[in-house]
Novice: 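There's a structure below that I have some questions on.
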Amino acid sequence: MEPINKTLKEYGRGLGGGLLFSLPMLFTMELLSTGFPAEPARLAIYLIVGNGLLIAYNHFVGLREDPSFSETLFEAVEEMGLAFIITAFILWLIGLLKPGMSGQEILGKLVVESMTVAIGISIGKSQLGSNRGGAGNKSDLEGDGGHINYQAQMALAFCGAILI
């Protein structure tokens, strides 16, 4: 079990990164209008693909040097949970989640917006003040013998593409 101070620092970096990288997206009507008319099957696919990106990012650039799959999966689930909480709070604060809205509309907005926030949280946890150095480490992007690790670079590229 990690000390509470280390965990609180990780959460702080994650929340800071989530807001830093995704706050402008929470105000974008294009994202909001994409979420609420989406069918539940599409939202489920979006969640699955987004969690896959989080798992890949955390595996290659996460907080731990050599993470197991269960640690990586736990980090991704934790980031999605934080993202849903932050997104719901911000959307409620700016008046985009109101009582009386349909469950489909609320769920659509939360799922679409939370994915960006979750990737921001993941980047914030790994980049903002970590000892490991985060993305761009030579060891992260190169495999054995100095060869390019295409899987790590693809994970970074897809997460960056979602944020941009």
Side-chain angles (χ1 to χ4, degrees), residues 1-35 43 46-98 106-141 149 151-164:
M1 194 62 138
E2 295 179 358
I4 191 108
N5 289 339
K6 185 176 179 183
T7 302
L8 289 175
K9 285 180 185 178
E10 282 181 21
Y11 281 159
R13 285 195 305 262
L15 293 173
L19 292 174
L20 176 70
F21 294 116
S22 64
L23 195 59
M25 301 302 277
L26 291 174
F27 292 98
T28 305
M29 290 308 294
E30 288 81 9
L31 268 182
L32 289 169
S33 65
T34 300
L43 292 175
Y46 191 69
L47 270 176
I48 291 167
V49 169
N51 276 312
L53 283 174
L54 284 175
I55 290 168
Y57 185 85
N58 289 333
H59 176 74
F60 293 113
V61 192
L63 294 174
R64 291 159 187 82
E65 281 293 330
D66 194 18
S68 68
F69 181 75
S70 62
E71 289 175 331
T72 305
L73 182 64
F74 179 77
E75 260 187 81
V77 169
E78 184 180 51
E79 290 160 357
M80 277 305 299
L82 285 172
F84 272 103
I85 292 168
I86 291 171
T87 302
F89 178 71
I90 297 291
L91 292 180
W92 171 79
L93 196 63
I94 61 177
L96 294 174
L97 287 183
K98 302 174 187 171
I106 291 171
L107 185 64
K109 286 180 179 183
L110 284 177
V111 167
V112 170
E113 296 279 358
S114 292
M115 211 63 258
T116 306
V117 176
I119 291 173
I121 288 171
S122 186
I123 291 170
K125 282 172 64 176
S126 67
Q127 296 294 307
L128 301 177
S130 71
N131 295 332
R132 191 166 167 220
N137 265 1
K138 216 171 182 180
S139 62
D140 291 330
L141 301 176
N149 186 342
Q151 292 171 330
Q153 290 187 355
M154 291 303 288
L156 293 171
F158 279 121
C159 287
I162 287 196
L163 286 176
I164 300 301

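Below, all heavy atoms of this structure are taken into account, side chains as well, without hydrogens, waters or symmetry copies.
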Novice: Work out which heavy atom in N51 is nearest to a heavy atom in M115; give both atom names and the distance.
Specialist: N-CE, 4.0 Å
Novice: Just so I know, are the side chains of L97 and L110 near enough to count as touching, which here means a heavy-atom distance under 4.5 Å?
Specialist: yes
Novice: Hey, does E79 have a side-chain heavy atom less than 4.5 Å from the side chain of N58?
Specialist: yes
Novice: Which distance, rounded to the nearest 0.5 Å, do you find between the CE of M80 and the CD1 of I85?
Specialist: 11.0 Å
Novice: So do F69 and I55 actually touch side chain to side chain, heavy atoms under 4.5 Å?
Specialist: yes
Novice: Do L43 and L47 make a side-chain contact, defined as non-hydrogen atoms from C-beta onward lying under 4.5 Å apart?
Specialist: no
Novice: So do F89 and L93 actually touch side chain to side chain, heavy atoms under 4.5 Å?
Specialist: yes
Novice: Ignoring hydrogens, what is the shortest heavy-atom contact between A83 and S114? Give both atom names and the distance.
Specialist: CB-O, 3.4 Å
Novice: Determine, step by step, whether V111 and Y46 satisfy the side chain to side chain contact (heavy atoms under 4.5 Å, CB included) criterion, reporting the C-alpha distance in whole Å, the side-chain angles of both residues, the deciding distance to 0.1 Å, and the verdict.
Specialist: CA-CA 8 Å; V111 167; Y46 191 69; 3.9 Å; yes
Novice: Got L96 and I90 here, is their nearest side-chain heavy-atom distance under 4.5 Å?
Specialist: no
Novice: Got a second to check how far L107's CG is from K109's NZ, nearest 0.5 Å?
Specialist: 12.0 Å
Novice: Are any side-chain N or O atoms of S122 and backbone N or O atoms of A118, one a donor and one an acceptor, separated by less than 3.5 Å?
Specialist: no
